[in-house]
Amino acid sequence: MAEEEKKAAPVNFIRQIIDADLASGKVDHVVTRFPPEPNGYLHIGHAKSICLNFGIAQDYHGKCNLRFDDTNPAKEGQEYVDSIKRDVEWLGFKWDGEPHFSSDYFDRLYGFAIELINKGLAYVDELSPDEIREYRGTLTEPGKNSPYRDRSVEENLALFEKMKNGEFAEGKACLRAKIDMASSFMCMRDPVIYRIKFAEHHRTGKKWCIYPMYDFTHCLSDAIEGITHSICTLEFQDNRRLYDWVIEHVSAPSQPHQYEFSRLNLEYCLTSKRKLNLLVTNGIVDGWDDPRLATISGMRRRGFTPAAIREFCRRIGVTKQDNTVEISALETCVRDDLNEHAKRAMAVLHPLRLIIDNYESEGEEISAPNHPQKPEMGERKLPFGRELFIEQDDFRESANKQYKRLVLGKAVRLRYAYAVVADSCEKNEAGEITAVHCHYFPESLGKDPEGVKVRGVIHWVSAEGSEEAEVRLFDRLFTVPDPGSAEDFLSVVNKDSVTVIPGARIEKSLGSAVPGEAYQFERTGYFCADSKLSKPGHPVFNQTVALKDTVKKAVSA
Ligand code: ATP
Ligand code: MG
């Protein structure tokens, strides 16, 4: 991570709380955690949480744990664990020690449940899940006590043991905390803390058929790991009562506290693993890393950089206000970073042959800087020749003065190379232009030919010094800004979100570009080779983000 990035520590209400806690002596060190459930790949919302938790640990010289909250064996798996580790590292963060797993604490959590039973604070309920829901009451009506609520400690211990030994079927019994069925916080109405599930767990195998619920697991995992500030999103605000209740009523090894901030919502994107999973399993996208998804792996495949994503998270800040961020805010960060760091290259997306009739040299190479403002990034040699490719868009038989490109009888400069004047063009039977003939000015390298007005600069590649590539342009995956709240989000998928351009021409050296490595195709946009589709002899490039319109004008003027 760059030094200047480290220095610009953001200010937000959570950091203010930490400052106050350190000042008052409530804590003398800071430990945070990032606690994903391994049931999907991480997305841009998780990036916000990662930057917050790991960022705090860095700036306060504390620690941040990576903890997999793996209490739902049916939906979790090793593929997700691996992808999450990869994504956190790629974003530029390092967790303290080995990754932790809630499942590592199953024995201790079981012990805490026994402790609650022994204190008369938990009971085995045999109401059905439907009855439990019915008994819970509503926001306006208090709940009512289960008939099983007042079982003796001995009976509860024996029944909980039976649950653990698989002597109850799923849904036939559960363990509930005995709190208050009339509480104005629904989560305090005797929440279920253990349920029966005969599912094989990706780490504990068949050892358990009872699994602790999130609200019981999370706070105690925090306590076991000595987390000082447990930061989560606002939907857990009410659950903080339960978090504190559990910590208070068992002999917790430490006293963590929970703080909530608002989730990140990004326009035209989904930030729900469940919904992302549906896009993947319905084959609407090409895996979790489809470049159109705001998953971390999708953004990586598309060519977004970790620095750009971190900068985006810094700019959006951390508050308690619900908000939806425009996609352009993220794209601006990507563009800013790539403008600084991406190598320049030339690629012609829709090639048109340009023949220089008076060109006779052989083996000429033109030097082109890899970055016009950064000589330290070096330069490369571009083979030049009699036959080149230019964009179809960059030639017209006739045009007014606003058109700063090639026109019959007029001159343009070929970027980094010579000025040429178009003389004639060839057409096919359909009347489409298939080639342009021109002549060049041998003395025009680096200076305008005398008495000739050069209208603009266009990009090119030589026929011999280029190879064919597939280029993919992306549009939004959804037709509405808030697909997450659509009744059926699959029905608002944009059917035209990928444009495949099969016959683009790229500088030959790009044929072996490393997937993910960013290039600015001059005048066109930022691109990188696709990690899945690009093969030797068949390069495939993804458009990361377009150049800004204003930039486009400035460059082509
Ligand atoms: P999803 O709905 O995508 O499954 P989640 O909250 O269930 O999200 P977790 O794996 O439990 O996913 O999330 C890990 C951490 O990331 C949690 O602390 C959670 O609060 C945070 N997080 C998840 N989504 C967002 C978001 N959109 N904005 C900010 N933080 C988020
Ligand atoms: Mg969750």
Side-chain angles (χ1 to χ4, degrees), residues 41 79-80 82-83 85-87 89-90 276 279-306 308 334 338 341-353 368 370 378 380-383 385 387-392 459-475 477 495-547:
Y41 283 58
E79 177 197 351
Y80 300 132
D82 295 339
S83 76
K85 287 200 255 183
R86 190 179 336 124
D87 287 350
E89 284 185 319
W90 179 77
L276 288 166
L279 289 178
V280 175
T281 48
N282 281 298
I284 289 166
V285 294
D286 172 29
W288 286 92
D289 60 354
D290 187 295
R292 292 165 295 173
L293 296 178
T295 52
I296 296 184
S297 50
M299 294 189 286
R300 172 168 61 230
R301 190 172 158 198
R302 174 123 174 204
F304 286 20
T305 58
V334 174
L338 294 183
H341 299 112
K343 281 190 198 153
R344 271 49 174 172
M346 291 203 281
V348 173
L349 301 199
H350 301 284
L352 173 62
R353 279 168 61 221
N370 288 328
R380 66 199 188 282
K381 300 277 185 214
L382 301 175
E387 238 186 88
L388 311 175
F389 290 107
I390 60 170
E391 295 286 352
Q392 290 167 14
H459 60 275
W460 56 276
V461 292
S462 73
E464 275 189 36
S466 66
E467 69 176 75
E468 198 170 282
E470 178 180 315
V471 168
R472 301 180 149 236
L473 309 181
F474 304 107
D475 197 356
L477 185 56
K495 303 254 178 340
D496 295 316
S497 55
V498 185
T499 305
V500 177
I501 302 170
R505 304 286 310 187
I506 57 173
E507 284 180 28
K508 226 168 210 161
S509 62
L510 288 178
S512 53
V514 180
E517 192 179 342
Y519 290 91
Q520 185 195 91
F521 290 177
E522 297 206 30
R523 297 178 67 232
T524 307
Y526 294 97
F527 290 82
C528 71
D530 187 277
S531 54
K532 271 189 178 167
L533 304 173
S534 214
K535 302 267 149 49
H538 179 67
V540 178
F541 278 81
N542 294 325
Q543 182 172 49
T544 308
V545 63
L547 293 178

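Expressed to the nearest 0.5 Å, how far CD of Glu507 lies from CD of Glu522 amounts to 8.5 Å. Here CG of Asp530 is found 8.5 Å from CD of Glu470. Values are rounded to the nearest 0.5 Å. The CG atom of Leu473 sits 12.5 Å away from atom CG of Asp496, with the distance rounded to the nearest 0.5 Å. Residue Ile390 holds its CD1 atom at 12.5 Å from CE of Met346, rounded to the nearest 0.5 Å. In this structure, CG on Asn542 lies 8.0 Å from OG on Ser531, to the nearest 0.5 angstrom.
The side chain to side chain contact (heavy atoms under 4.5 Å, CB included) search around Val285 returns Leu279, Val280, Asp290, Arg292, Leu293, Leu477, not counting sequence neighbours. Shown here are the side chain to side chain contact (heavy atoms under 4.5 Å, CB included) partners of Ser466, two or more places apart in sequence or in another chain: Phe389, Val461, Arg505. Evaluation of the side chain to side chain donor-acceptor pair (under 3.5 Å) rule for Asp475 yields no partner, not counting sequence neighbours. Remark: Asp87 engages Arg300 in a side chain to side chain donor-acceptor pair (under 3.5 Å) (not counting sequence neighbours). Taking Lys85 as the reference, nothing meets the side chain to side chain donor-acceptor pair (under 3.5 Å) condition, with sequence neighbours excluded.
Exactly one residue among His459, Arg523, His350 makes a side chain to side chain donor-acceptor pair (under 3.5 Å) with Glu391. That residue is His459.
Between Ile506 and Glu467 the shortest side-chain heavy-atom distance falls below 4.5 Å. Here the side chains of Ile501 and Arg472 are not in contact, with every heavy-atom distance at 4.5 Å or above. Counting only heavy atoms from C-beta outward, the side chains of Arg302 and Cys528 never approach each other to under 4.5 Å. Within the 4.5 Å cutoff, the side chain of Phe304 has heavy atoms near those of the Thr544 side chain.
Tyr526 and Phe521 have their aromatic ring centers separated by at least 6.0 angstrom.
A salt bridge links Asp286 with Arg301; the closest basic N to acidic carboxylate O contact falls under 4.0 Å.
Nearest heavy-atom pair across Pro539 and Phe541 is CB-CE1, 4.0 Å. Counting all heavy atoms, side chain and backbone alike, Thr524 lies closest to Ala347 at OG1-O, 4.3 Å. Nearest heavy-atom pair, Val540 versus Leu533, reported as atom, atom and distance to 0.1 Å: CG2-O, 3.6 Å. Residue Pro383 comes nearest to Ser462 through the heavy atom pair O-OG, 3.0 Å, listed as atom of the first residue, atom of the second, then distance. Val471 and Ala504 get closest at one heavy-atom pair: CG2-CB, 3.7 Å.
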What donor-acceptor contacts under 3.5 angstrom involve side-chain atoms of residues 508-519, with partners at least two apart or in another chain?
| from | atom 1 | to | atom 2 | distance (Å) |
| --- | --- | --- | --- | --- |
| Lys508 | NZ | Glu464 | O | 2.8 |
| Ser512 | OG | Ser509 | O | 3.3 |
| Glu517 | OE2 | Lys343 | NZ | 3.4 |

Query raised in the report: For Phe474 and Val498, what are the C-alpha separation, side-chain angles and deciding distance, and is it a side chain to side chain contact (heavy atoms under 4.5 Å, CB included)?
Result: CA-CA 5 Å; Phe474 304 107; Val498 185; 4.1 Å; yes

Requested in this report: Go through Gln520 and Phe527 one step at a time and tell me if the side chain to side chain contact (heavy atoms under 4.5 Å, CB included) criterion holds.
Outcome: CA-CA 6 Å; Gln520 185 195 91; Phe527 290 82; over 6 Å; no

Requested in this report: Go through the steps to decide whether Thr305 and Val334 satisfy the test side chain to side chain contact (heavy atoms under 4.5 Å, CB included), and finish with yes or no.
Outcome: CA-CA 7 Å; Thr305 58; Val334 174; 5.8 Å; no

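Judged by distance alone, the side chain of Thr295 and the main-chain N or O of Trp288 form a donor-acceptor pair under 3.5 Å. For Ser83 (side chain) and Tyr80 (main-chain N/O), a donor-acceptor pair under 3.5 Å exists by modelled atom type.
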